[in-house]
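We use all heavy atoms of the structure for the numbers below, so side chains are in, but hydrogens, waters and symmetry mates are not.
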Amino acid sequence: MSGAFVLDSVSCGYGGKDILSGFSASVERGALTALIGPNGSGKSTLLKLLGGVVGYRGSAELEGRELRSMSRAEFGRAVGFVPQQTKISSPFTVYEVIAMGRLPYCGLFSKLNAEDDAAVLDAAGRAGVSHLLFRRASELSGGEQQRVYIAVALAQDPDIFLLDEPTSALDPSQSVRIFSILRELAAHGKTVVVAAHDLNAAIPFSDRYIALRGGALASQGAASELDEKVLGPLYGIEFKKYTSEEGGRAWHPSAQGF
């Protein structure tokens, strides 16, 4: 296999219990890949593995280098990780939180230079939080905080973006905005991996998908090839496809599956 990430017979988990077991897959570079599957299938664990957050057995490579051989500084410059919604409780302003994305370049105790400041302001604008820059991040709503986390990754400007349910707290308008940004990143050669529950929000913007079930690879392929035959067995319920006049597709689970 070839790709930005290549995983071969990887097993990992928490507290001595494996969540992923013998997992093998590759993540295509310069593409937006959606991780899909039911709750507990291993999507978040896979993202943490790719982000160097959890240990593993087997082989996991980033551009030909074993992940466990890379330093935290190397990871910080190469990979941006947006975790599943986590409450910001620190007293920092939004500007200060977004500026943390520049730490791989300027260090912990260095002042931001003009380039860093420009990167923070640009990231805030793209994520739609410019008007919040001097608010305390802890005072923001869940959706606003989620956009701040995304701005941190944008300010970091890594080659690889890993995002765990990045639009779970956002309204439809903001969700489209964020996925449009991710689509643009992939179009400019960035590798983007998104764990998503909302298929109809993520798949229209995706190039590829990786489907997980029970900690194993269920299927993978082009997002344009995803259909009811994949989704039904994956989620254990019948899906119906709807096609818009413009040719867009949407899938809805059928109540007859219960």
Side-chain angles (χ1 to χ4, degrees), residues 1-29 31-76 78-87 149 153 158-168 191-199 202-203 206-223 226 229-237 239 253 257:
M1 288 186 291
S2 63
F5 288 101
V6 178
L7 309 182
D8 185 14
S9 300
V10 167
S11 297
C12 67
Y14 318 96
K17 179 181 178 181
D18 284 341
I19 304 298
L20 299 178
S21 181
F23 187 88
S24 298
S26 64
V27 175
E28 188 172 309
R29 63 175 61 88
L32 198 166
T33 299
L35 304 182
I36 64 174
N39 290 335
S41 60
K43 300 186 299 296
S44 294
T45 301
L46 176 55
L47 277 181
K48 290 176 182 178
L49 166 64
L50 299 179
V53 178
V54 296
Y56 61 91
R57 305 185 304 280
S59 175
E61 295 182 349
L62 168 56
E63 298 292 356
R65 290 190 58 188
E66 193 68 37
L67 298 187
R68 61 172 67 94
S69 72
M70 299 177 66
S71 69
R72 298 312 306 170
E74 288 176 305
F75 251 104
V79 179
F81 186 86
V82 178
Q84 205 164 24
Q85 181 68 4
T86 302
K87 181 72 175 176
Y149 275 118
D159 290 329
I160 297 168
F161 289 79
L162 308 175
L163 305 99
D164 196 353
E165 299 289 345
T167 62
S168 60
T191 299
V192 183
V193 186
V194 181
H197 277 307
D198 189 343
L199 299 172
I203 294 301
S206 301
D207 300 297
R208 308 280 299 173
Y209 78 90
I210 294 176
L212 297 89
R213 185 174 178 86
L217 177 68
S219 66
Q220 61 181 328
L226 192 64
K229 294 179 181 178
V230 173
L231 296 175
L234 182 65
Y235 291 96
I237 189 172
F239 277 78

Can you sort out the partners of [X] under side chain to side chain donor-acceptor pair (under 3.5 Å), two or more places apart, ordered by chain and number?
X     : result
Ser59 : Glu66
Thr45 : Tyr14
Ser71 : Glu74

Do the side chains of [Y] and [X] get nearer than 4.5 Å, heavy atoms only?
X      : Y      : value
His197 : Asn39  : yes
Ser219 : Tyr209 : yes
Asp159 : Arg29  : no
Tyr56  : Leu20  : no
Ile160 : Val27  : no
Ile36  : Leu226 : yes

Could you report the tightest heavy-atom contact between [X] and [Y], atom names first, then the distance?
X      : Y      : answer
Arg213 : Pro38  : NH1-CG, 3.7 Å
Ala223 : Ser206 : CB-O, 3.4 Å
Ala153 : Phe161 : O-CE2, 3.4 Å
Leu234 : Ala218 : CD1-CB, 3.9 Å
Pro158 : Gly80  : CG-N, 3.4 Å
Leu49  : Leu7   : CD2-CD1, 4.1 Å

Problem set entry | Residue pairs passing the salt bridge (Lys or Arg N to Asp or Glu O under 4.0 Å) test where at least one lies in residues 34-44, sequence neighbours excluded |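 Output for this query is empty, none listed.
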Problem set entry | Results of salt bridge (Lys or Arg N to Asp or Glu O under 4.0 Å) for Arg208 - residues two or more places apart only |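 Result, salt bridge (Lys or Arg N to Asp or Glu O under 4.0 Å) vs Arg208: Glu28.
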Problem set entry | Derivation of the side-chain contact (heavy atoms from CB on, under 4.5 Å) call for Phe23 and Ile210 | CA-CA 12 Å; Phe23 187 88; Ile210 294 176; 4.2 Å; yes
Problem set entry | Electrostatic pair Lys48-Asp164, nearest N-O below 4.0 angstrom |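 The answer is no: the pair does not qualify as a salt bridge.
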Exercise. If you measure from CG on Leu50 to CG on Leu67, what distance do you get to the nearest 0.5 Å?
Worked result: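 Here the interatomic distance stands at 7.0 Å.
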For this session: Drop me the distance from Phe5's CZ to Leu46's CG, to the nearest 0.5 angstrom.
Result: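 If we round to the nearest 0.5 Å, Phe5:CZ and Leu46:CG are 9.0 Å apart.
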Exercise. How would you list, by chain and number, every residue that makes a ring pair (Phe, Tyr, Trp, His ring centres under 6.0 Å) with Tyr235, sequence neighbours excluded?
Worked result: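 Listed in chain order: Phe239.
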Problem set entry | Option among Val193, Val192, Leu47, Leu35 that satisfies the side-chain contact (heavy atoms from CB on, under 4.5 Å) test with Leu163 |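 Testing Leu163 for a side-chain contact (heavy atoms from CB on, under 4.5 Å) against Val193, Val192, Leu47, Leu35 leaves exactly one candidate, Val192.
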Exercise. Any sub-3.5 Å donor-acceptor pair from Asp8's side-chain atoms to Ser24's backbone N or O?
Worked result: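 Not at all, since once roles are kept as given, no pair shorter than 3.5 Å links the two residues.
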For this session: Examine distances only and state if a side-chain atom of Ser21 and a backbone atom of Ser11 form a donor-acceptor pair shorter than 3.5 Å.
Result: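 Looks like no, no N/O pair under 3.5 Å.
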Problem set entry | Steps toward side-chain contact (heavy atoms from CB on, under 4.5 Å) verdict (Thr33, Gln220) | CA-CA 10 Å; Thr33 299; Gln220 61 181 328; over 6 Å; no
